[in-house]
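First the proteins, then the strands, lettered A, B, ... as listed; each starts at 1. This structure is a prediction, so every number in the text was calculated from the model and none was measured.
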Amino acid sequence: MLRTHTCGELRAEHIGREVTLCGWVDTYRDHSGVLFVDLRDRYGRTQVVFAPEGGEENLKVAKSLRSEYVISATGKVAARPEGTVNAKLATGEIELRVDRLEVLNRCLTPPFHPTAQDLPGEDLRLKHRYIDLRRPRMQRAMMLRHRMIKIMRDYLDELAFIDVETPILGRSTPEGARDYLVPSRVQQSAFYALPQSPQLYKQILMIAGYDRYVQIARCFRDEDLRADRQPEFTQLDLEMAFVDADDVIGVIDGLMARLAKEILGLELSLPLKRMTYDEAMERFGHDAPDLRFGMELTDLTDLAQQSDFRVFRGVAESGGRIRGINAKGAAGKYSRKGIDELTNYIQEDFGAQGLAWFKVDEAGKLASPIAKNFEAGLLEKIAQRMDAESGDLLLFVADKFEVTCKALYGLRKRLGAELKLYDPKQMHFSWVVEFPMFAHDEEEGGWTAMHHPFTAPRRQDRERLTSDPEACRAQAYDLVVNGSEAGGGTVRIHDQQLQRQVFGLLGIDEATAKDRFGFLLDALQYGAPPHGGIALGIDRLVMLFGGLESIREVIAFPKTQRGTDLMTGAPGQVDAKQLRELGIKAAR
RNA sequence: GGGGGCGUAGCUCAAUUGGUUAGAGUACCGGACUGUCGAUCCGGUGGUUGGGGGUUCGAGUCCCCUCGCCCUCGCCA
């Protein structure tokens, strides 16, 4: 080792010891006769001092040091003179009096400084990620990620899970996200697909008798990016045999409790709360509601029907819904213009027709341009149902159920943040269960799998597969943390006949099923145990535990919204020769 | 594919209704300084205002196109 200690560990007890530190020059303060350098590594910072007593030559060389030079400094640990102790620094009681300095490497003037107070633009940070990753904040995020993964591994190891790796080069599956494809050289015009998840492999492992599987699995989905979505991301993927939904949920409950305790010092009370999908949509308009605050959706369809307000009546009569939220005490915070902005937001982002609103005046009466369409008694009933008090702002959306869900979910989320209805540091964990098996396929008609095509229906819903697929509920469960889907899983179909039936409903014909999933259908006939599992989005979980805004903050080398890596330039051009070998021609 | 925001010195930002030579802090370079810790003080270098085109006597500012980054809807079993 070129060093005896790190830049974060020297304390008063080391005074008098001869040590060598290595690190990056964080800052330097040249006072001519004496020069201070704050030397930084990922463990911390230590002040190293160059003075004439340490050798004139060392002092001279020290004067040439600049930001981010890499140096090795040897000398004695000394107590700082009285009055010069730095309480802001963990190592602030001591300093290193250098008598041997070696410049291990110089550094160009960095485009930005790792400990500067002003954060540079994210594109610059991504281009020079090696400097960005030196930032203590980034290092904390990386270490948090490491610790969380370590806890996951340890916890699951204790529960007899074994880590099995599954292929990255697989085959394309018909449903789900767009695949990343990898051309095969030896089978020209055939392609591998990168895994969207190890789903089928882990089911095969259950059939193979590895009854508790886990993997920190890289997954790939070629879809548009978001603040919480990258084209490649990491899942804690696990699967268990001889279990039902409660067992899987129980394992994750325990894991969340341990993470919360060890990372945040929080005691979670188990079991975590559960809510059905239908309840979540009714109360919050979304399958991953943020339960850190209230402002639940309230249905008003029956009352709205009695009004003279044409929009309300029309929607109600055509089978739509009128639902609303009460932004407590927010009447004064949203002017006419502010409400216009909210209206604009739900129209443009969610396709809502409009936003109806009432402000509750001092007398507790509902005031609004549309109030004249409502009889006084009706207004009172509305106020009562909405739990309206003076100063409240009531917002209503009248539309198809789905649109009211989206628009009010959007409003609730936005108002929750704008009105600071929750402490951003607070953490809330819960489950949403019993998702529908199927959703309407907007583009092609018919049904599409809500989760994936291997999801088992609830036992009591098996009859409904034929009679009423829409009402059929799945043995599915999503982990929700702070209004974010942190993971999801299901109990799988372990019966070949049932699997075929579900494929049939999804419009996957016999030939396609055999072609794409033949191996699974085969395997299901060779002693498949009942099994189920879950996958947690590790990037998202780390982001949430770290209180961070973007998934890019917890990924060492993330991609931009357009899927590029600003540091390496990926994706990039390839040689014509490479394409020839693959038998591929670029169209453009 | 749609909507929105941003782009000015290495970095973070400013620049009045379109108006003189585009400024500040910081970084960088040079000088001074033996106890600083966001060191301080003095001096200096540094600009294709993302790129292209247009309107105008005159464009960082207005218009069109384009590139990049971010947020978002669609999409993401």
Could you tell me which nucleotide pairs with [N] by Watson-Crick or G-U wobble geometry, both distances under 3.5 Å, or answer none if nothing does?
| N | answer |
| --- | --- |
| B:C75 | none |
| B:G38 | none |
| B:U12 | B:A24 |

Original post:
Should the pair A:H128 and A:Y130 be assigned to parallel (<30°), tilted (30 to 60°) or perpendicular (>60°) ring geometry?
Top reply: perpendicular

**OP:** If the plane angle is over 60° it's perpendicular, under 30° parallel, otherwise tilted; pick one for A:W447 and A:F438.
**Re:**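 Ring orientation, 0 to 90° scale: tilted.
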
For nucleotides [N] and [M], find the distance between their [atom1] atoms and express it as a whole number of Å.
| N | M | atom1 | answer |
| --- | --- | --- | --- |
| B:C6 | B:A15 | P | 13 Å |
| B:A27 | B:U12 | P | 15 Å |
| B:G5 | B:C63 | P | 12 Å |
| B:U49 | B:A39 | C1' | 34 Å |
| B:A59 | B:U45 | C1' | 28 Å |
| B:G50 | B:C28 | C1' | 23 Å |
| B:U40 | B:U21 | P | 35 Å |
| B:G52 | B:U61 | P | 13 Å |

At under 4.0 Å between heavy atoms, what does [X] touch on the DNA or RNA strands: base, sugar-phosphate, or nothing?
| X | value |
| --- | --- |
| A:F36 | base |
| A:L506 | nothing |
| A:Q117 | base |
| A:P111 | sugar-phosphate |

Subject >> Selection residues 549-564 of chain A - residue pairs positive for side chain to side chain donor-acceptor pair (under 3.5 Å), sequence neighbours left out >> reply: A:E122-A:R552, A:R125-A:E553, A:E232-A:K559, A:T560-A:T564

**OP:** If a pair satisfies side chain to side chain donor-acceptor pair (under 3.5 Å) and one of its residues is in residues 51-66 of chain A, list it, with sequence neighbours excluded.
**Re:** A:D30-A:K63

Original post:
Using a cut-off of less than 4.0 Å, is there contact between a side-chain N or O of A:R29 and OP1 or OP2 of B:A39?
Top reply: yes

**OP:** Kindly state each residue pair satisfying salt bridge (Lys or Arg N to Asp or Glu O under 4.0 Å) with at least one member in residues 495-514 of chain A, sequence neighbours excluded.
**Re:**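 Qualifying pairs, neighbours excluded: A:R500-A:E510.
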
**OP:** Output every pair passing salt bridge (Lys or Arg N to Asp or Glu O under 4.0 Å) with a member in residues 197-206 of chain A, not counting sequence neighbours, ordered by first then second residue.
**Re:**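 Every pair satisfying salt bridge (Lys or Arg N to Asp or Glu O under 4.0 Å) with a residue in residues 197-206 of chain A: A:K202-A:D237, A:K202-A:E239.
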
To the nearest Å, how far apart are [X] [atom1] and [N] [atom2]?
| X | N | atom1 | atom2 | answer |
| --- | --- | --- | --- | --- |
| A:N344 | B:C71 | CG | P | 21 Å |
| A:Y180 | B:C75 | OH | C1' | 13 Å |
| A:R178 | B:G74 | CZ | P | 15 Å |
| A:D224 | B:G74 | CG | P | 12 Å |
| A:Y409 | B:G74 | OH | P | 10 Å |
| A:D132 | B:C11 | CG | P | 14 Å |
| A:H452 | B:C76 | NE2 | C1' | 15 Å |
| A:F112 | B:A9 | CZ | P | 17 Å |

**OP:** Apply side-chain contact (heavy atoms from CB on, under 4.5 Å) to the pair A:T115 and A:R40, showing each step before the final yes or no.
**Re:** CA-CA 10 Å; A:T115 55; A:R40 186 194 73 241; 4.2 Å; yes

Close side-chain approach of [X] to [Y], heavy-atom, < 4.5 Å:
| X | Y | answer |
| --- | --- | --- |
| A:T166 | A:L200 | no |
| A:L89 | A:R45 | yes |
| A:E341 | A:Y334 | no |

[X], [atom1] atom: more than 12 neighbouring heavy atoms under 6.0 Å:
| X | atom1 | value |
| --- | --- | --- |
| A:Q139 | CD | yes |
| A:Y69 | OH | yes |
| A:R11 | CZ | yes |

**OP:** Select from A:D38 and A:K413 the residue whose nearest nucleotide in RNA chain B is closer to the 5' end of that strand.
**Re:**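 This one resolves to A:D38.
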
**OP:** Find which nucleotide of RNA chain B each of A:T27 and A:L119 is nearest to by heavy atoms, and output the residue with the more 5' nucleotide.
**Re:** A:L119

**OP:** Taking salt bridge (charged side-chain N to carboxylate O under 4.0 Å, His left out) as the test, write out the residues that go with A:R137, two or more places apart.
**Re:**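 Partners of A:R137 under the salt bridge (charged side-chain N to carboxylate O under 4.0 Å, His left out) test: none.
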
Subject >> Residues forming a salt bridge (charged side-chain N to carboxylate O under 4.0 Å, His left out) with A:R140, sequence neighbours excluded >> reply: none

Original post:
Is A:R171 paired with A:D515 through a side-chain N to carboxylate O contact shorter than 4.0 Å?
Top reply: yes

Original post:
Of all residues at least two apart in sequence or in a different chain, which pass the ring-ring contact (aromatic ring centres under 6.0 Å, His included) check with A:H5?
Top reply: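 Counting only residues at least two positions away or on another chain, A:H5 forms a ring-ring contact (aromatic ring centres under 6.0 Å, His included) with A:H14.
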
At a cut-off of 3.5 Å, list every protein nitrogen or oxygen paired with a nitrogen or oxygen from nucleotides 65-70 of chain B, distance to 0.1 Å.
from	atom 1	to	atom 2	distance (Å)
B:G68	OP1	A:R562	NH1	2.9
B:G68	OP2	A:R562	NH1	3.0
B:C69	OP1	A:T560	OG1	3.2
B:C69	OP1	A:T564	OG1	3.1
B:C70	OP1	A:Q561	N	3.3
B:C70	OP2	A:Q561	N	2.8
B:C70	O3'	A:R552	NH2	3.1

Original post:
Can you give one letter per nucleotide of nucleotides 22-33 of chain B, 5' to 3': B if a protein heavy atom sits under 4.0 Å from the base, S if only from the sugar-phosphate, - if neither?
Top reply: -----SSSS--B

Original post:
Side chain of A:R221, base of B:C76: donor and acceptor closer than 3.5 Å?
Top reply: no

**OP:** Please list, by residue number, the residues of residues 68-94 of chain A whose heavy atoms come closer than 4.0 Å to an atom of RNA chain B; answer none if no residue qualifies.
**Re:**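 Heavy-atom cutoff 4.0 Å gives A:R80, A:P81, A:T84, A:N86, A:K88.
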
**OP:** Return the residues of residues 43-55 of chain A meeting this criterion: a heavy atom under 4.0 Å from some atom of RNA chain B. Order them by number, or give none.
**Re:** A:Q47, A:P52

**OP:** Take A:H286 and A:F284 through the test ring-ring contact (aromatic ring centres under 6.0 Å, His included) and record every step on the way to the result.
**Re:** CA-CA 5 Å; A:H286 197 254; A:F284 302 98; over 10 Å; no

Original post:
Going through the checks in order, is the salt bridge (Lys or Arg N to Asp or Glu O under 4.0 Å) test met by A:D99 and A:K76?
Top reply: CA-CA 8 Å; A:D99 51 39; A:K76 272 212 169 65; over 6 Å; no

With the criterion being N/O to N/O and under 3.5 Å, what pairs connect the protein with nucleotides 3-7 of chain B, and how long is each?
from	atom 1	to	atom 2	distance (Å)
B:G3	O2'	A:E348	OE1	3.2

